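Note sheet for the following structure.
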Amino acid sequence: MEDNIKISTLNDFIFCPRSIYFHNLYSSYDEHLYQSSYQTRGKNAHKNIDSKRYCSKKEILEGIDVFSEEFGLIGKIDLFNIKNKTLVERKNKIKTIYEGYYLQVYAQFYCLLEMGYQVKIIKLYSISDNKNYYIDLPGDSEKNRLFEVINEMKKFSLEDPFRQNQNKCNMCIYRNLCDYDE
Ligand code: SF4
């Protein structure tokens, strides 16, 4: 696997390590070929941010590229308000805050720090029901966990022993491509 880890793949890896292979393999293909309608709705939720149309206020950074040399991470943030130092990650609908969501915002947090920004507040925003979920700033154990997952991702091989979770396979956007799904 390449040296730098994409922030967007952290959540996939936590969901299923094998999905990271398909994420990278098919990232250059037309997403409609394999994405479910659920995933497409999530993507559309980010459209305004990716095309920088969400807000024109100067203190809001939208969809900017971020990186961290320390972690070997690259990616984008949804929104960062420089004035109130608030980092926001939007999801189409949040029912559960999965570990992958935490790792994603921690990764963004550390990238912003390394780039010279101060972050005081992190929140996840659930668009469809207009709910905010405030996330505590990461401490040592969260930082170590992020390092641990990144290292696992760098070492991961499709040949590694793997225990399938059919419930996850049923929800997986790569199930038509993966030989584990029946
Ligand atoms: S279909 Fe199942 S095993 Fe394959 S990537 Fe998806 S969750 Fe993982």
Side-chain angles (χ1 to χ4, degrees), residues 1-29 31 34-47 49-50 63-68 71-80 87-112 119 122-129 131-138 141-156 158 160 162-165 167-175 177-178 180-181:
M1 181 166 287
E2 64 194 57
D3 283 349
N4 285 318
I5 296 292
K6 289 183 203 147
I7 294 174
S8 61
T9 59
L10 287 165
N11 192 32
D12 277 1
F13 186 77
I14 293 292
F15 177 75
C16 172
R18 288 178 64 87
S19 72
I20 206 72
Y21 171 78
F22 298 110
H23 184 115
N24 288 328
L25 190 64
Y26 292 92
S27 59
S28 59
Y29 284 66
E31 291 162 343
Y34 59 89
Q35 283 192 343
S36 66
S37 59
Y38 174 81
Q39 177 99 1
T40 304
R41 281 202 297 278
K43 280 272 178 188
N44 286 339
H46 282 88
K47 245 185 189 166
I49 280 182
D50 288 341
I64 63 159
D65 294 316
V66 293
F67 68 93
S68 163
F71 287 88
L73 282 167
I74 54 168
K76 284 184 187 293
I77 54 161
D78 268 0
L79 287 172
F80 179 60
L87 170 65
V88 183
E89 168 65 24
R90 307 193 318 169
K91 303 282 182 200
N92 189 45
K93 176 147 188 153
I94 298 175
K95 290 182 187 159
T96 306
I97 304 182
Y98 298 104
E99 187 189 19
Y101 292 2
Y102 284 104
L103 292 177
Q104 207 178 351
V105 288
Y106 294 158
Q108 294 169 354
F109 169 86
Y110 285 115
C111 286
L112 284 169
V119 182
I122 302 176
K123 69 177 180 182
L124 293 168
Y125 176 60
S126 176
I127 297 166
S128 53
D129 52 5
K131 283 188 180 164
N132 285 308
Y133 297 88
Y134 287 85
I135 308 293
D136 289 341
L137 299 187
S141 64
E142 289 81 9
K143 187 174 184 176
N144 290 339
R145 176 64 182 147
L146 182 57
F147 267 125
E148 187 180 77
V149 172
I150 289 169
N151 287 332
E152 282 173 21
M153 290 174 78
K154 285 180 177 169
K155 284 188 289 185
F156 176 72
L158 275 182
D160 289 348
F162 172 74
R163 182 178 290 179
Q164 183 187 15
N165 177 335
N167 289 333
K168 286 190 174 184
C169 293
N170 293 342
M171 297 187 293
C172 179
I173 59 170
Y174 304 113
R175 64 182 180 275
L177 311 166
C178 177
Y180 261 90
D181 191 38

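Keep in mind the model is a prediction, meaning the values are calculated, not measured. No hydrogens, no waters, no symmetry mates; every other heavy atom, side chains included, goes into these values.
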Is there side-chain contact between [X] and [Y], with at least one heavy-atom pair below 4.5 Å?
{"X": "I5", "Y": "V149", "answer": "no"}
{"X": "F80", "Y": "V119", "answer": "yes"}
{"X": "K93", "Y": "D129", "answer": "yes"}
{"X": "L10", "Y": "L146", "answer": "yes"}
{"X": "L137", "Y": "I122", "answer": "yes"}
{"X": "V88", "Y": "D78", "answer": "no"}
{"X": "D160", "Y": "F162", "answer": "no"}

Discussion item. Quick one, Y174 with D12, criterion side-chain contact (heavy atoms from CB on, under 4.5 Å). Give me CA distance, side-chain angles, the key distance, then yes/no.
Written reply: CA-CA 11 Å; Y174 304 113; D12 277 1; 3.5 Å; yes

Discussion item. Looking at every heavy atom in both C178 and R18, which two are closest together, and how far apart are they?
Written reply: SG-NE, 3.8 Å

Worksheet item: If every non-hydrogen atom of C111 is compared with every non-hydrogen atom of L73, which pair is closest and at what distance?
Response: SG-CB, 4.1 Å

From [X] [atom1] over to [Y] [atom2], what is the distance, rounded to the nearest 0.5 angstrom?
{"X": "K95", "Y": "S128", "atom1": "NZ", "atom2": "OG", "result": "9.0 Å"}
{"X": "K131", "Y": "I94", "atom1": "NZ", "atom2": "CD1", "result": "10.0 Å"}
{"X": "T9", "Y": "Q104", "atom1": "OG1", "atom2": "CD", "result": "9.5 Å"}
{"X": "E152", "Y": "I14", "atom1": "CD", "atom2": "CD1", "result": "7.0 Å"}
{"X": "F22", "Y": "R175", "atom1": "CZ", "atom2": "CZ", "result": "13.0 Å"}

Worksheet item: Between R145 and E142, does at least one N-O distance fall below 4.0 Å, as a salt bridge requires?
Response: no

Item to complete: Determine, step by step, whether I77 and I64 satisfy the side-chain contact (heavy atoms from CB on, under 4.5 Å) criterion, reporting the C-alpha distance in whole Å, the side-chain angles of both residues, the deciding distance to 0.1 Å, and the verdict.
Response: CA-CA 6 Å; I77 54 161; I64 63 159; 3.5 Å; yes

Fill in: N4 side-chain N/O to I74 backbone N/O, donor-acceptor pair under 3.5 Å
no

Worksheet item: What is the ring orientation for Y101 with Y98, classed by angle as parallel under 30°, tilted 30 to 60°, or perpendicular over 60°?
Response: perpendicular

Worksheet entry | Ring geometry between F71 and F147 (parallel below 30°, tilted from 30 to 60°, perpendicular above 60°) | parallel

Discussion item. For F15, give me all partners under side-chain contact (heavy atoms from CB on, under 4.5 Å), at least two apart in sequence or on another chain.
Written reply: K168, M171, C172

